[in-house]
Amino acid sequence: MSPAEQRAEGAGPFTTRLTWHLPGGGTAVWESRLARRRGIIAVRAPGATRSRRTSADEVALRRLRRLNAVAATAFVIGGALFAAGAGVAQFGSGDATTCASVYFVGGLFFNTGGYVSLLQVVNAPRHVPGGEGRLVTRRWRWWSYEPARLDWLSVFVLFAGTLVFAVGLVDSFLQGLSVQQVNRLIWAPDVIGCVLFLISGHLAFAEICHGRICLRRRSLGWWIVAVNQFGSVLFMVSALAAFTRPTTSSQLNADIANWTTLTGASCFSVGGLLQLCERP
């Protein structure tokens, strides 16, 4: 199609918003996050001054509602458990095994939330560029490989981050580790997981802002991304503060590590609560 008939916006090679002329007149506007989270596309009829939102079919909407509810609930519970684990560590009401157990269960919920978020992207209704202004429902899939899609890449990196976190959480049950082993088996996966969370959040911002820096105070999706990204920043601070110094065998700052874990995890719970409202 000619540039006059279609306009693509996004970040780099990724398209996050597409506008095109409909065959029968009028225009359609597809936005990545709105389509995959709420199952809607904007259509403007010939001669109309305002667009109306057209929803996907009921099969797609039921899928999106169920997946969104499961993912959001998993993040709420996972964040709450991580906050509880940090509270136990900070206030000394339990031993290291108790803290590790609470974190591990919380990590399982984060794993669940990450994978179900990926299912949201994989099974989201798709648009047909240049076609009618509607979303098409495809067959159910448990997996897909679509690195050319920014939404898929963001959520895949998030899921990978939860899996890397899981490695450190499992290793935290090991006994008799040297300082070097603690930093290699527990601290390093923690830092890598935080980096992946930050990358995922950056990609999510690029998706919702179409490759630009933006502040959208009235956008629920923007606030969800912002709250989660702030939580990721706090998790990174926590990970850096938890580095065990070889000379003293103590963390750089245990108080900072615990408090930033608690507040960062609370951010993820708040993000999950907000996500419950972002549904079709």
Handout entry: Aromatic plane relationship, W142 with Y115 - under 30° parallel, 30 to 60° tilted, over 60° perpendicular
Key = parallel

Exercise for the section: Report the C-alpha separation of L203 and I199 in whole Å, then their side-chain angles, then the decisive distance to 0.1 Å, and conclude whether the side chain to side chain contact (heavy atoms under 4.5 Å, CB included) test is met. Expected result: CA-CA 6 Å; L203 295 175; I199 293 173; 4.2 Å; yes

To the nearest 0.5 Å, tell me how far [X] [atom1] sits from [Y] [atom2].
X	Y	atom1	atom2	value
Q251	N258	CD	CG	7.0 Å
S32	H210	OG	NE2	8.5 Å
D57	S55	CG	OG	10.0 Å
R38	L135	CZ	CG	13.0 Å
E31	T16	CD	OG1	7.5 Å
F268	N228	CZ	CG	6.0 Å

Could you tell me whether a side-chain N or O of [X] sits under 3.5 Å from a main-chain N or O of [Y], the two making a donor and an acceptor?
X	Y	result
Q229	L198	yes
W222	R217	no
T162	F159	yes
T260	F235	no
S117	V155	no
T261	A257	yes
S238	L234	no
R37	G221	no
D190	I186	no
S200	L196	no

Completion exercise
Only residue of F75, F109, F110 satisfying ring-ring contact (aromatic ring centres under 6.0 Å, His included) with F82 is F110

With clusters defined by side-chain heavy atoms of hydrophobic residues (ILVMFWY) lying less than 4.5 Å apart, directly or transitively, does [Y] cluster with [X]?
X	Y	value
V102	F104	no
V116	V122	yes
L153	L118	yes
L22	L18	yes
I192	F156	yes

Nearest heavy-atom pair of [X] and [Y]: which atoms, and what distance?
X	Y	result
V227	C267	CG1-O, 3.2 Å
L276	T73	CD2-OG1, 4.1 Å
I41	R134	CG2-CA, 4.2 Å
P23	E132	CG-OE2, 4.1 Å
G168	P189	N-CB, 3.8 Å
A72	G272	CB-O, 3.3 Å

Practice task
Dump the intermediate steps for salt bridge (charged side-chain N to carboxylate O under 4.0 Å, His left out) on R141 and E146, then the final yes or no.
Solution key: CA-CA 13 Å; R141 292 183 294 175; E146 303 175 78; 3.8 Å; yes

Exercise for the section: Go through the side-chain N and O atoms of T54 and R52 and say whether any donor and acceptor fall under 3.5 Å apart. Expected result: yes

Taking the side chain as every heavy atom from C-beta outward, state whether [X] and [Y] have any atom pair closer than 4.5 Å.
X	Y	answer
T263	F230	no
R33	V225	yes
P280	N68	no
V128	V136	yes
V182	W187	no
E278	I224	yes
S178	Q180	yes
R63	W140	yes

Exercise for the section: Would you sort out whether R149 and V121 count as a side chain to side chain contact (heavy atoms under 4.5 Å, CB included), showing the intermediate values? Expected result: CA-CA 9 Å; R149 292 179 57 187; V121 175; 3.6 Å; yes

Would one find more than 12 heavy atoms of other residues, nucleotides or ligands at under 6.0 Å from atom [atom1] of [X]?
X	atom1	answer
R212	CZ	yes
R279	CZ	no
L215	CG	yes

Exercise for the section: Using a strict 4.0 Å threshold on nitrogen-to-oxygen distance, state whether R65 and E58 make a salt bridge. Expected result: yes

Practice task
Go through the steps to decide whether F165 and C194 satisfy the test side chain to side chain contact (heavy atoms under 4.5 Å, CB included), and finish with yes or no.
Solution key: CA-CA 8 Å; F165 267 126; C194 290; 3.6 Å; yes

Practice task
Decide side chain to side chain contact (heavy atoms under 4.5 Å, CB included) for C277 and L220; before the verdict, give the C-alpha distance in whole Å, the side-chain angles of both, and the deciding distance to 0.1 Å.
Solution key: CA-CA 8 Å; C277 301; L220 178 60; 3.8 Å; yes

